[in-house]
Amino acid sequence: MIHQFKNNGYNIVMDVCSGAVHVVDDLTYDVIAFYEENNQKKSETTIEALLDRFPAYSRRELEEALAEVEERKAQGELFAPDEYEDVVWEFKKRKTVVKALCLHIAHDCNLGCRYCFAGEGEYHGDRSMMSYEVGKQALDFLVEHSGNRRNLEVDFFGGEPTMNFDVVKKLVEYGRSLEEPHQKKFRFTLTTNGLLLDDAIMEFANREMANVVLSIDGRKEVNDYMRPAKNGKSTYDLIVPKFQKFARLRNQTNYYVRGTFTRHNLDFSKDVLHLADLGFRQISVEPVVAQPDEPYAIREEDLPQLMEEYDKLAKEMLKREQEGRGFQFFHFMIDLTQGPCVMKRLSGCGSGTEYLAVTPWGDLYPCHQFVGQEEFRLGSVFDGIQAEELRDEFKLCNVYAKEKCRSCFARFYCSGGCAANSYHFHGSILDAYDIGCELQKKRIECAIMIKAALADQEEKENERA
Amino acid sequence: MKHIKTLTNKTLKSTMEKGGCGECQTSCQSACKTSCTVGNQTCENKR
Ligand code: SF4
Ligand code: SF4
Ligand code: SF4
């Protein structure tokens, strides 16, 4: 399968199933498209057919291009078949262990974000705090169900976890005490809105947290509209200085400022750049996921503008990179050479099996986005997994189980998307949230264009040298 | 090669043999908690 696109002056051809990516001239771009078309019709691409189709090109040019295409094909770098289905199903059937927990430390929040999937952080009126005992049991559960796996991930999530920070600290201490006797290593992470962030929390987090996620949406008016304090007041001025300090103390690594864009700021590239201008180097800004009746939900008609925004952002990032003031944008990061193996790429997010969310009272859910939906309760940290059928449904979830993903060019980078989004839009975890897919595909294209442009620049520099 | 410049050659098929060890992170952790992205993840298996 071939996916080809033009972006920022580059003609890019992805050979989806081999993972090869090529940059080609206009002629070859057309030849490859024609070749793929013929492949689908099971007819051969001859030089006569090419001449017939592209009278503007000379015979010599077309012969040359065709020869190159066929050579790449012989090497398995063009038109490679998808040969992974069996191994992926086998991989999915393996005995899995639990690797990661999302601990809902506090179902309460000191902000009233309009788009919060938890309903202003309160998970629909429930304002429980996780007790130390429940958290401790969760860590024991994780260690017990992690098999031989050494690295265990624990995210302190909410609501707002700093509202219950004493428990966070005690749990980190308890987790560390388990490391040696059980031959494990905990990787703790924290997501916070910053309101309660102070020097003590930063100091603790810099010692113990492998990553911190700092929530802010971008420009002041954008942030304050969607992320107001409970009294309706601005939060931007309160959090920005703290986040800047935090990022500096972490040497600009192992953190993310993370925002959400909505229909109210479709020009979100400005928010990303605003965060970069504030000095942040690790930035993630993602589309809101919301039911269509919400005023801030992204609609299909917004897609063209959003695509343009991603293009703008990619170009500006390249420019800044050249000027020596580059930054990372989470969704444009792509590893074309040493990324994950195919099994990992095609097997989905691991929700419900390797990754579980724990409520303040110890119930287990497939992931943070299913918390509070009774029909998705898997069990508890005290009694283990009880809903085995449900677990198995998640366990077998993979790209080949989803009609939309099987034939999607993005499948090796996207892994079949988010089960929660799929469920919330289509009532099944085996579907895909279409607006999200369109944006995902665009981001992959931009990320690859950036790689092509950087390689191109490097080549030019080498030529000059 | 005059017409085709290869940015990355085939990288996927070879990962079938030694891959699948399951040592890497789950893919919805950290910065991105509403979607699944594996394209930017690192493999923890020194193949
Ligand atoms: S660590 Fe590497 S080889 Fe192992 S499952 Fe993850 S991506 Fe595949
Ligand atoms: S972009 Fe959508 S259709 Fe494509 S693999 Fe991802 S979830 Fe599936
Ligand atoms: S279902 Fe969605 S939100 Fe949940 S872990 Fe998977 S990708 Fe993340």
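Lettering follows sequence order; numbering is per chain, from 1. These figures come from a predicted structure and were not determined experimentally.
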Got a second to check how far [X]'s [atom1] is from [Y]'s [atom2], nearest 0.5 Å?
{"X": "M14(A)", "Y": "T8(B)", "atom1": "CE", "atom2": "OG1", "value": "9.5 Å"}
{"X": "I4(B)", "Y": "R72(A)", "atom1": "CD1", "atom2": "CZ", "value": "5.5 Å"}
{"X": "T15(B)", "Y": "Y84(A)", "atom1": "OG1", "atom2": "OH", "value": "6.5 Å"}
{"X": "K2(B)", "Y": "L27(A)", "atom1": "NZ", "atom2": "CG", "value": "9.5 Å"}

Hey, which of [options] has the most heavy atom pairs under 4.5 Å with chain B?
{"options": "I334(A), V88(A), I32(A)", "answer": "I334(A)"}
{"options": "A420(A), A20(A), C17(A)", "answer": "A20(A)"}
{"options": "M333(A), R150(A), E61(A)", "answer": "M333(A)"}
{"options": "L78(A), D335(A), V23(A), V24(A)", "answer": "V23(A)"}
{"options": "N11(A), L336(A), N151(A)", "answer": "L336(A)"}
{"options": "R149(A), E354(A), H22(A)", "answer": "R149(A)"}

Considering non-hydrogen atoms only, spot the tightest contact between [X] and [Y] and give its length.
{"X": "P340(A)", "Y": "C43(B)", "result": "CA-CB, 4.3 Å"}
{"X": "C341(A)", "Y": "G20(B)", "result": "SG-N, 3.2 Å"}
{"X": "T26(B)", "Y": "C349(A)", "result": "CB-O, 4.0 Å"}

Under 4.5 Å from any heavy atom of chain B - which part of [X]:
{"X": "M343(A)", "answer": "side chain"}
{"X": "I12(A)", "answer": "neither"}
{"X": "D456(A)", "answer": "side chain"}
{"X": "F157(A)", "answer": "side chain"}
{"X": "V21(A)", "answer": "both"}
{"X": "V288(A)", "answer": "neither"}
{"X": "E64(A)", "answer": "both"}

Discussion item. Just to be sure I understand the criterion: a residue of residues 91-99 of chain A counts if one of its heavy atoms is under 4.5 Å from a heavy atom of chain B. Which ones qualify?
Written reply: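 If one takes a 4.5 Å heavy-atom cut-off, the residues of residues 91-99 of chain A near chain B are F91(A), K99(A).
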Does some side-chain heavy atom of [Y] sit less than 4.5 Å from a side-chain heavy atom of [X]?
{"X": "K10(B)", "Y": "D15(A)", "value": "no"}
{"X": "C24(B)", "Y": "K344(A)", "value": "yes"}
{"X": "R345(A)", "Y": "L12(B)", "value": "yes"}

Worksheet item: Does E83(A) offer a backbone N or O that forms a donor-acceptor pair with the side chain of K13(B) under 3.5 Å?
Response: no
